[in-house]
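So the structure is just underneath, and the comments pick up after that.
Throughout, protein chains are lettered first and strands after them, A, B, ... in sequence-line order, and every chain is numbered starting at 1.
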Amino acid sequence: MKKLRLKKKTNLASREYSVDYKTSLNEEQYKAVMHDKGAALVLAGAGSGKTRTLVYRVSRLIEDGIDPRSILLLTFTRKASSEMLSRITSLLDTRAGKITTGTFHSFALKLLKRYCKQIGFSQEFSIIDQQDSADTIDLIRGRHLPPSIKKRFPKKNTLQKILSLSINKRESTLTILEEFYPKYVEYEDLINTIFIDYHKYKKTANVMDYDDLLIYLLELLKENPDARTQITNYYKYIMVDEYQDTNRLQHEIILLLGGKDNNIMAVGDDAQSIYSFRGADHQNIFFFPESFEKCEVYKIEQNYRSTEQILDLSNEIINAAAFKYEKKLFSRDRIGEKPYLVAANKERQQSEFVVQQILELREQGIELEDIAVLFRSSYHAFDLEIELNKSNIPYIKFGGMKFIETAHIKDLISYMRLLFNPKDVVAWQRVLMLVDGVGPATTRKIIENISDNRLNISNYKEVLPNLNKNIGISNLFKLVAKNFDPNDITYAASEMAFYYKEYMDEKYDNVNKRWRDIETFLQITDQYSDLPTFLNDMALDPPINSLDELEPESKEEEYLTISTIHSAKGLEWKVVFLIWSTEGKFPSAKSTHTIDSVEEERRLFYVAVTRAKDYLYIVYPFGIFDRESGMVLSEPSRFIREIGDEFLEKFILTEDEDDEGIDD
DNA sequence: AGCAGTGATGTTTTT
DNA sequence: CATCACTGCT
């Protein structure tokens with residue numbers, strides 16, 4: 001007979017917690033934090049303590065006895081996930097360290113490494129980035145294309161985008177073509193043939209691109225009930241940050257991960273959706289509740305971040321949108337200064353103004369850490385960077401070309417990939433083309449033989465005897481055939497760098513600069529002790545973004561942040577400069593053709609201004625000659641012109657002869 | 001046939 | 001600045 005016991009019934013609100021949730025949160029946040037089971041959508045405006053809410057909810061779940069390992073927290077960037085993890089840990093204790101966090105892609109990778117057999121891959125599969133993906137598509141494009149249509153046929157980057165969009169939006173190639181590239185609709189069949197071949201190619205090479213990580217995870221969850229049961233039994237509480245930027249594919253994955261309990265909490269803000277180029281639709285977040293029988297919706301609208309003046313401006317910008325957004329932010333009378341609108345004569349003066357103002361702010365006791373300069377495209381900062389260097393202002397740049405993406409570092413990583421996965425023909429392709437006297441034809445021959453399992457690093461002399469005449473090739477094969485200790489990554493990397501240096505000396509003028517990069521790269525390898533982890537991190541979570549970063553001495557120093565708006569997502573600073581707010585640059589002339597793209601630019605502008613806590617400077621250079629349109633750009637962005645004069649304090653820069661000469 | 005050098009071209013945003 | 005098509009070279 002079963003033994004009956006009395007268990008005290010507690011309701012959530014009255015339970016004893018070590019953290020005082022009630023007083024540390026406002027009422028709206030508190031409700032969301034106390035949400036227990038089932039699906040929930042948290043609509044959280046900019047600066048409303050979205051991260052705080054997530055952090056407290058994780059803590060609350062753990063305090064209620066939920067096994068931390070069963071909590072999955074999906075974030076948009078690695079930065080965001082490590083920040084949340086440290087905040088949870090300091091709020092609660094080390095139990096928090098056991099939860100699973102990461103991006104969709106890194107989470108997918110983790111599962112796919114475990115379940116690779118089920119989807120027809122071996123565990124040594126490698127990840128290729130977008131550029132590798134485009135290069136591989138180009139290879140296949142070349143094979144399929146009759147020379148007669150070469151010019152009118154989409155190029156590799158376009159093809160890559162078409163494929164990626166169709167996967168992420170879960171739509172056919174034709175639909176994507178009709179919507180975004182109508183002039184290529186006539187090539188639908190040929191494009192599809194290329195895509196099918198590309199898919200096969202990756203499979204034989206045992207490589208996956210970014211989209212594959214998601215699509216194979218979806219496939220695994222859909223078609224392998226055993227794996228699905230295991231996974232959904234393990235991750236019982238799922239939280240997804242920045243839901244407005246997830247796409248259809250990710251949404252489907254989330255639904256499957258929800259299992260039968262659907263303990264899924266999605267957090268986001270439709271007004272901050274800025275990733276439509278990756279297949280996100282800002283309205284997706286509203287469809288979230290419809291995916292479930294029951295879904296609780298919480299709204300958090302009180303802004304803790306910004307002053308009243310900055311909020312008024314932000315609200316005004318987003319209210320001018322063609323599509324109506326649901327909320328309006330409010331704050332509790334934090335009066336500050338009106339945001340500044342500053343007109344600068346050309347780019348030079350803009351850079352000089354920003355630098356001068358930063359120096360002045362520093363005099364007033366505002367630290368560099370509390371200041372950020374934001375811009376639409378990473379090249380917008382080039383001139384500013386020169387000026388910052390001149391004035392010895394240390395900074396870190398986020399967004400744009402990453403250190404890891406420079407040609408010489410990618411070359412080196414390709415050698416390392418071959419150590420791990422000798423069938424990685426994407427890496428082969430790259431390193432073979434570097435060899436003197438080897439071009440597309442020879443490369444193709446070698447690669448075909450590797451794919452057929454006919455050729456490997458030890459038998460190339462017998463299989464393709466005439467290759468032996470090429471010293472470069474035999475040196476390359478010798479290098480890759482060396483039996484490196486897979487745990488001594490630095491040793492292997494430095495051997496490869498040594499080999500590579502010869503090529504570099506011949507090919508490049510600026511060998512010294514590149515060699516310094518390679519030395520930095522070798523330092524990075526030092527932090528790893530196993531090859532697979534190293535390669536995964538290089539593909540998905542590159543440890544650093546820019547070159548000048550991570551010099552040992554500059555680590556302690558305080559620094560300024562300069563960043564693309566996309567990379568500034570979720571962050572905040574006391575002082576924000578938004579540069580290049582000139583019509584024609586932001587929104588860029590390219591984005592003004594369709595309503596949707598203008599609206600996306602508007603949301604981007606909104607994200608930018610809502611990063612500011614106390615001071616906001618919107619700077620626009622005038623008198624800019626735009627080569628594309630052949631026009632001179634002199635007006636501030638339409639997002640500023642649309643709104644009333646009362647929201648901004650307007651300035652124009654004049655040069656004062658007496659001050660330290662601005663010219664030269 | 002296959003490779004390398006040359007000159008015009010265009011260019012967001014990220015995993 | 002990197003990519004692409006073209007042309008001349010081996």
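- In this entry the distance linking CG of A/N157 with P of B/dT14 reads 15 Å, nearest Å.
- Applying the 6.0 Å contact sphere to CD of A/E502 captures no more than 12 heavy atoms from other residues, nucleotides or ligands.
- Residue contacts shown for A/N247 are absent, as no nucleic acid heavy atom lies under 4.0 Å away.
- Across the protein-nucleic acid pair, A/F153 atom CZ and C/dC4 atom P stand 14 Å apart, rounded to whole Å.
- Rounded to an integer number of Å, the gap from CG of A/L214 to P of B/dT15 is 13 Å.
- The nucleotide whose nearest atom lies closest to any side-chain atom of A/T442 is, among B/dG2, C/dA5, B/dT14, B/dG2.
- Candidate nucleotides B/dA4, B/dT15, B/dG2 were compared by shortest atom distance to the side chain of A/A441, and B/dG2 ranks first.
- In this structure, A/L159 places its CG atom 15 Å from C1' of C/dT3, rounding to the nearest Å.
- The heavy-atom pair separating A/F288 from A/H251 by the smallest distance is CD1-CE1, 3.9 Å.
- Note on A/E405: nothing from the nucleic acid sits closer than 4.0 angstrom, heavy atoms only.
- The separation between A/D245 atom CG and B/dT15 atom C1' is 12 Å, rounded to whole Å.
- Using modelled atom types and a 3.5 Å distance limit, the side chains of A/E242 and A/Q244 yield a donor-acceptor pair.
- Side chains of A/Y198 and A/D209: a donor on one and an acceptor on the other come within 3.5 Å.
- When distances are taken from the side chain of A/K155 to each of B/dT15, C/dC4, B/dG2, the shortest belongs to C/dC4.
- Residues that satisfy the ring pair (Phe, Tyr, Trp, His ring centres under 6.0 Å) test with A/H408, not counting sequence neighbours, are absent from this structure.
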Next item on the list: Heavy atoms under 4.0 Å is the rule here; annotate nucleotides 6-13 of chain B 5' to 3' with B where the base is hit, S where only the sugar-phosphate is, and - elsewhere.
Entry: -----BBB
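- Between A/Q131 and C/dA2 there is no side-chain polar atom (N or O) within less than 4.0 angstrom of OP1 or OP2.
- We find that CG of A/L74 is positioned 15 Å from P of B/dT15, with the value rounded to whole Å.
- Nearer the 5' end of DNA chain B, as judged by each residue's closest nucleotide, is the contact made by A/V435, out of A/V435 and A/L540.
- Atom CD1 of A/I473 is separated from atom P of B/dG2 by 14 Å (rounded to the nearest Å).
- Every residue meeting the side chain to side chain donor-acceptor pair (under 3.5 Å) condition with A/T103, not counting sequence neighbours, appears here in chain and number order: A/S106.
- Within 6.0 Å of the CZ atom in A/R248, the count of heavy atoms belonging to other residues, nucleotides or ligands does not exceed 12.
- Straight-line distance from the CD1 atom of A/I253 to the C1' atom of B/dT15: 12 Å, rounded to whole Å.
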